[in-house]
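Keep in mind that this is a model prediction, so the values were computed, not measured. Atom set for the values below is all heavy atoms of this structure, side chains included, hydrogens, waters and symmetry mates excluded.
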Amino acid sequence: MSGARETDQPVQSPVLLLVGIGYVVLLLLVWLDEILDFPHLLLGAPRIPFSWHGALLHSMVITFVAGLIGLAVVGLQSGRRRVTAEKTELAERLRIIAEHTWDWAFWEDPDGKLIYASPSCRRITGYGPEEFSADADLLDRITHEDDLKAYRLHQQTAHKTREQGELRFRIRTRDGEVRWIEQVCQPIFTDSGEYLGKRGSNRDITEQKLAEEALERNEAHLKHAQEVARVGSWELDLTVGKLYWSEQVYRIFGVGGSTPLNYEAFLETVHEEDREFVSSSWRAALAGARYDIEHRIRVGQEIRWVREEAEVEFNEHGRAVRGIGIVQDISARREAEEDAARLESELAHVTRIATLGEFSAALAHELNQPLAAILSNSQAALRFLAAEDPDLTEIRETLEDIVEDDQRARDIILRLRDLTKKPGTRQAHEPLAVPPLIEGVLRIARGNLLIRDVPVERRLPADLPLVLANAVQLQQALLNLILNALEAMGDRPGRRLTIETHCVNGDVEIAVQDTGPGFAHEDVDEVFKPFTTSKEEGMGMGLAISRAIAESHGGRIRAGNLPDGGARVVITLPACSEER
């Protein structure tokens, strides 16, 4: 705008000057009549007599011609001033832009000598424009040694070929910091093709480069993680049907990286028996369902298992436009699962065999007790009959015990048969009074108590609550404890068996206590495991069976040694009301 004001003002002065010149010429024509002879002298024309009208006409013609010449001169001067002002204004704008831009702008002459450097070079390098202008080799010296060869080749190529060039290189700032520079240079020519040098800019891309390096590291880590986990990623553009696979997916499917991909090509790799499942699952995903499936693929002659999970993106109209997902090779996991299934089947077979062994041992152990009682009672009856005066009452009671033992053996067989029933089959439980149950057990064991001459101390309060139990099973558990106690005491002096009951916190406790050596195991709970025994001829099933019976009644069993010697085993059962 300032340039326009300067060029408009001088236009009026030449016009006034020309008008004045026209009047001066008119006066000259009046006073110098000889001038009228000028055409006559030159052309030989007749002399024109002086006339005011002629003089005025001549002066007007001369003034008009002079005005045209003056206007042309003024126009040329105004155009030159306007172009000069525009160039000055443009140069000023370029200077302002260069000095305030974040990039480091520069201009080199055709010989490569620096003509101009913007002030931003100080912010980027720590060196000012004047230092680069005074030292032609400064930029070479601060260029990183690993990038110097590439930078010099870039410079030579740019001046030799006079084409646009780009280069990324590193420099060391005045403070020793390494920074990344992106240089873009453009050759400058006149309209006639004269080479004026090159202009360019150096941009500090250190942060961008660090971000790119971090991204490259993350991509490398992701690639390595995908290789380790055998996981790849994919993307399906549903608008054009184009499928994109990561490098790991190509490896999983055994497909070359140049193979064109689409959904149909992917489906061809799926095992023929799984294609309908995969297709229906994907159709459901396009309708909004979750896509998380496992299926087989064919890789040459090999069959692999893969797991796929994906999310489908929809546009504002509810149309599916893109699918993004992962593929994981789970062949190793599938093989491990199949191996585990085979091992589990084999283990189940071994377990059934072991269970059969335990069942046989339990059967032998359980039947051994009533058979031993029958034998003891039979021996006692024979001893009574051998007396001179047999006690028929005692013999009758002994024979009755033999009948009861025989009935108990039959019940044991029936109970063990019940143990083979399917899980969930409920066995008969009924409210029972504990003291009569214990007395019944002592009658069963009476033959063993008589032969071993072991006194029994009973502590059975009459006001104990009832327990819900199977009578035969609970008697068997108590009988196991009593017989174990008798065998543990052996022939030790002071033998005594104590049976007592208590009501503790709503539970009924039945304790069997002896005066034997106690348990030898440091961990007393070990004695309840099958086949754990300290007796040479024992099978180690008695306490294990007692624990199983207690737990089947909703109770528990514990054992321990007494301070004065002997062992104590306690069965705890939940109490119930008589009405139940």
Side-chain angles (χ1 to χ4, degrees), residues 357-420 427-428 432 435-456 458 469-491 495-497 499 510 512 514 516 530-531 533 535-546 548-549 569 571:
E358 290 184 13
F359 180 80
S360 300
L363 180 62
H365 182 274
E366 295 289 318
L367 290 178
N368 184 60
Q369 294 174 358
L371 292 177
I374 291 173
L375 178 60
S376 298
N377 288 325
S378 299
Q379 291 173 346
L382 291 174
R383 190 169 58 250
F384 293 148
L385 289 173
E388 294 181 359
D389 187 12
D391 188 346
L392 298 179
T393 302
E394 191 72 28
I395 293 173
R396 185 181 296 107
E397 292 178 357
T398 303
L399 294 176
E400 290 175 354
D401 290 341
I402 292 174
V403 174
E404 289 182 4
D405 290 333
D406 177 77
Q407 181 63 36
R408 186 161 60 89
R410 177 178 176 276
D411 292 340
I412 288 172
I413 294 174
L414 293 176
R415 179 174 60 81
L416 290 177
R417 187 184 65 181
D418 290 340
L419 294 177
T420 63
Q427 300 174 2
L432 298 174
L437 189 71
I438 294 176
E439 291 294 345
V441 174
L442 289 176
R443 285 196 302 271
I444 295 172
R446 189 168 68 90
N448 286 280
L449 293 171
L450 291 173
I451 293 174
R452 297 178 183 273
D453 192 20
V454 176
V456 178
R458 299 171 175 83
N470 180 285
V472 175
Q473 291 184 4
L474 190 53
Q475 283 181 339
Q476 187 63 46
L478 292 175
L479 187 59
N480 288 342
L481 301 184
I482 292 173
L483 295 180
N484 280 347
L486 295 178
E487 292 177 1
M489 290 186 289
D491 297 331
R495 299 182 299 275
R496 184 176 67 256
L497 180 69
I499 300 179
I510 307 171
V512 178
D514 61 55
F531 307 110
T533 181
K535 296 176 289 187
E536 294 182 0
E537 298 180 355
M539 289 188 294
M541 294 298 299
L543 291 176
I545 292 173
S546 297
I549 293 174
V569 182
I571 294 178

Minimum heavy-atom distance [X]-[Y], with the two atoms named:
| X | Y | value |
| --- | --- | --- |
| A469 | L432 | O-CD1, 3.6 Å |
| A477 | S546 | O-OG, 3.2 Å |
| P455 | R495 | CD-O, 3.2 Å |

### Counterpart residues, salt bridge (charged side-chain N to carboxylate O under 4.0 Å, His left out), relative to R496 (two or more places apart)
E457
Quick one: pull up [atom1] in [X] and [atom2] in [Y] and give me the separation to the nearest 0.5 Å.
| X | Y | atom1 | atom2 | value |
| --- | --- | --- | --- | --- |
| I402 | S378 | CD1 | OG | 3.5 Å |
| M489 | N484 | CE | CG | 11.0 Å |
| I438 | L478 | CD1 | CG | 6.0 Å |
| D453 | L486 | CG | CG | 11.5 Å |
| I549 | N470 | CD1 | CG | 8.5 Å |
| L437 | Q475 | CG | CD | 5.0 Å |

With sequence neighbours excluded, residues passing side-chain contact (heavy atoms from CB on, under 4.5 Å) with [X]:
| X | value |
| --- | --- |
| V456 | L442, L449, R458, L497 |
| L382 | none |
| E397 | T393, E394, R446 |

### Query
Do V454 and D514 touch side chain to side chain, with heavy atoms closer than 4.5 Å?
no
### Task
Report the C-alpha separation of I499 and L481 in whole Å, then their side-chain angles, then the decisive distance to 0.1 Å, and conclude whether the side-chain contact (heavy atoms from CB on, under 4.5 Å) test is met.
CA-CA 10 Å; I499 300 179; L481 301 184; over 6 Å; no
